[in-house]
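Step one of this worksheet: look at the structure below.
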There are 2 protein chains.
Amino acid sequence: MTMAQRPTLEEVARRAGVSRATVSRVVNGSTTVAGPIQEAVRRAVAELGYVPNLAARSLVTHRTDSIALVLPEAATRVFSDDHFFPGIIRGVSRELEAADKQLVLMLAGSPAGHARVRRYTTGRHVDGVLFASLHGADPLPGTLAGLGLPVVCSGRPLGDGSVPYVDVDHAGGVSRAVAYLIDSGRRRIATIAGPQDMVAGIDRLAGYRDTVTAAGLPALVGYGDFTRDSGAAAMRDLLDRYPDLDAVFAASDLMAHAALRTLRAAGRRVPEDVAVVGFDDIPSAAYTDPPLTTVRQPILEIGRVMTRLLLRHAAGEPVEPSVILPTDLVRRDSA
Amino acid sequence: MTMAQRPTLEEVARRAGVSRATVSRVVNGSTTVAGPIQEAVRRAVAELGYVPNLAARSLVTHRTDSIALVLPEAATRVFSDDHFFPGIIRGVSRELEAADKQLVLMLAGSPAGHARVRRYTTGRHVDGVLFASLHGADPLPGTLAGLGLPVVCSGRPLGDGSVPYVDVDHAGGVSRAVAYLIDSGRRRIATIAGPQDMVAGIDRLAGYRDTVTAAGLPALVGYGDFTRDSGAAAMRDLLDRYPDLDAVFAASDLMAHAALRTLRAAGRRVPEDVAVVGFDDIPSAAYTDPPLTTVRQPILEIGRVMTRLLLRHAAGEPVEPSVILPTDLVRRDSA
DNA sequence: TTGTAGGCGTTATCAG
DNA sequence: CTGATAACGCCTACAA
């Protein structure tokens, strides 16, 4: 089945009895075209079902009206159960829609994926690149920025700090949560920390450490990687090492959820015996048993702000080197 | 800050002391180029950091090596809490990665989004289009297919049936679940159905109806829209109308989860008083209280199969008009 | 095996 | 206000 030959500017021009240039003007909304001619062109466009060839256009304009969102995670982990990526995507998408630009999503978990991203983005297929959640010190954002491509990251990049980024106030949010636990009389407050090769993991642990230390309390630390399974394991471990703990702050809601179940399985009541606080405020946090007290981060907003920053950057406007969004404590029943 | 002028084929050719044509051959992996020359070209490419301009290339090849995945949902609903879209994205992404093609994600919830999708896809920016989860009888897939663009849908399209699609055996899965409830002695089996403008909602309800009817049991039907909140409301309503129900099949895990909580709040024990079965097998289904018995659908596989179908279609091979994937019952503790 | 030259569909710069 | 006419960067017969 051969693809029906789509009409070109030339054919529209012929049909409307004008030149290609004029058709182009009408199509691109130039106001310097006489009314009747505009009318004729529009009719021809409609009759022929003409649609501009984007490749040809961007070849000459050097713009593509689309921007890439790179998720440098293994594709398998990107859409697990936390709602970070979906939230980012929604935020980015919404803002892009307002700007009438197209979103190109790129999963770059594998080395091959990494290469593909590099090729695609440097190949002038996008007007800018958004990076979500970097692991370790990924050089790609810096490389692309060095090539002159507008780049914005979500989360403070661990590597060089020349790329603008948007992040939330991890430490502040955690601090507020831990302070709340202290205020409600808890004294043996443990934490299930996130992976220490990601800023979110590092900063949240730091926030916990600073706050308990400042209160003269001991730091009881277990480690997970934000997933439920890792949270359950860490909770069991914590229970082993500190059987007298009376509260736990988990660096993600998924880990907090697992902690809830693990604690119950171990015969502890929540919040009577042990208070639990999470981080994220994912949709199901309101549906755990008991409903989870947690630190909310405005994920969708991160996506929106990143996008606005990038669009301004791409438009040549100066942009702030970083934007930090606030977090806040959502009190439910687990603490 | 001006964008560093990227080198073109021309400049690479000059540097390597050959013609553009030869550089093009090397870049595109033609074997008809002498070893030493190939070497020289590669060096020039590396030194200059040359990357082909994709727009120019696709202008002449008529290929873009990227395919669009259209999610015709309101962006707000796309990434709620069920894991359908993320799963599809992962499956598509994995298969595309293997084919070294680029994924372009398009959220087309609003009418404006719809128009943008049409413009973008017909603008030759992609080699094919994948549609996920259509609402009602969306004409877009048919339109694009009519234009000669390769198209594949996930879920049997409600409108015209000329577009190839991939779906799961909704009715069969539901039927097995309901039969299981009947076998375990349940006689007042209710259902929380999904939205009736989507095939998934329609087919699952049909599967329920057929099975209870065939067993001589009454159909006790409540309606939701796959979300948790709608499930809670439907469960309360069902409890009102049929206080003696002893089982409920929910057309989504999210609704099943809400039903679990609603039943408990109403003083019913699960599964002793009321058995609950869901549909989807989302990650958190194993973490509800009690863990949810549910019908698993191979979401990731849907994405993969769709993609393979599309790629074959785009390659000019004949493709089957539809592929139905199996579902199976995952027994946990709620039924 | 390599080079030459034409054209892909648009936009942009000039004249008219 | 409209129409020629160059690019834009690349691929691909065709010729050498």
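To find a chain, count down the sequence lines: A is the first, B the second, and so on, and within it residues start at 1. The figures that follow rest on heavy atoms only: side chains count, while hydrogens, waters and symmetry mates do not.
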> With a 4.5 Å limit on heavy-atom distance, are the side chains of H114(B) and D138(B) in contact?
Replying inline: yes
>> Both A56(B) and G35(B) contact DNA chain C. Which one's nearest nucleotide lies toward the 5' end?
In response: G35(B)
> Which sits closer to the 5' end of DNA chain D, S24(B) or A21(A), going by the nucleotide each is nearest to?
Replying inline: A21(A)
>> Among L130(A), I299(A), V166(A), exactly one meets side-chain contact (heavy atoms from CB on, under 4.5 Å) together with I88(A). Which residue is that?
In response: I299(A)
> Which nucleotide sits closest to the side chain of R25(A): dC10(D), dG9(D), dC14(C)?
Replying inline: dC14(C)
> What nucleotide, of dC10(D), dT1(C), dT2(D), holds the atom closest to the side chain of A34(B)?
Replying inline: dT1(C)
> Which nucleotide in the set dC8(C), dT2(D), dC11(D) lies at the smallest distance from any side-chain heavy atom of N28(B)?
Replying inline: dC11(D)
>> Let's test your reading of the model: under 3.5 Å, does the base of dG9(D) pair with the side chain of R57(A) as donor and acceptor?
In response: no
>> Rounding to an integer number of Å, can you tell me how far L54(B) CG sits from dC8(D) C1'?
In response: 15 Å
> Between E10(A) (CD) and dT5(D) (C1'), how many Å, whole number?
Replying inline: 13 Å
>> In whole Å, I'd like the distance from the CZ atom of R63(B) to the P atom of dC11(D).
In response: 10 Å
> Between dC11(D) atom C1' and L9(B) atom CG, what is the distance in whole Å?
Replying inline: 9 Å
> Between R14(B), R43(B), R15(B), which is the residue that forms a side-chain contact (heavy atoms from CB on, under 4.5 Å) with L48(B)?
Replying inline: R15(B)
>> Counting the atoms with a prime plus P, OP1 and OP2 as sugar-phosphate, which does V51(A) contact under 4.0 Å by heavy atoms, base, sugar-phosphate, or nothing?
In response: sugar-phosphate
> Rounded to the nearest 0.5 Å, how far does OG1 of T64(B) lie from CG of L54(A)?
Replying inline: 10.5 Å
> Quick one: which of dT12(D), dG3(D), dT4(C) gets closest to the side chain of T22(A)?
Replying inline: dG3(D)
>> In terms of relative ring orientation, are H125(B) and Y120(B) parallel, tilted or perpendicular, with 30° and 60° separating the classes?
In response: perpendicular
>> If the threshold is 4.0 Å, N to carboxylate O, is there a salt bridge linking R90(B) and E97(B)?
In response: no
> To the nearest angstrom, how far is D65(A) atom CG from dT11(C) atom P?
Replying inline: 11 Å
>> Taking any heavy-atom pair under 4.0 Å as a contact, classify I37(A): base, sugar-phosphate, or nothing.
In response: sugar-phosphate
>> Rounded to whole Å, please give me the gap between CZ in R20(A) and C1' in dA4(D).
In response: 9 Å
>> Reading DNA chain D from 5' onward, which residue's closest nucleotide shows up sooner: V33(A) or N53(B)?
In response: V33(A)
>> Less than 4.0 angstrom between a side-chain N/O of S19(B) and OP1 or OP2 of dG3(C), yes or no?
In response: yes
> To the side chain of T8(A), which of dG9(C), dC11(D), dT2(D) is closest?
Replying inline: dG9(C)
>> Nearest whole Å is fine: how far is dT11(C) P from H62(A) NE2?
In response: 14 Å
> Side chain of Y50(B): nearest nucleotide among dG3(D), dC10(D), dG9(D)?
Replying inline: dC10(D)
> dG7(C) C1' sits how many Å from L59(A) CG, rounded?
Replying inline: 12 Å
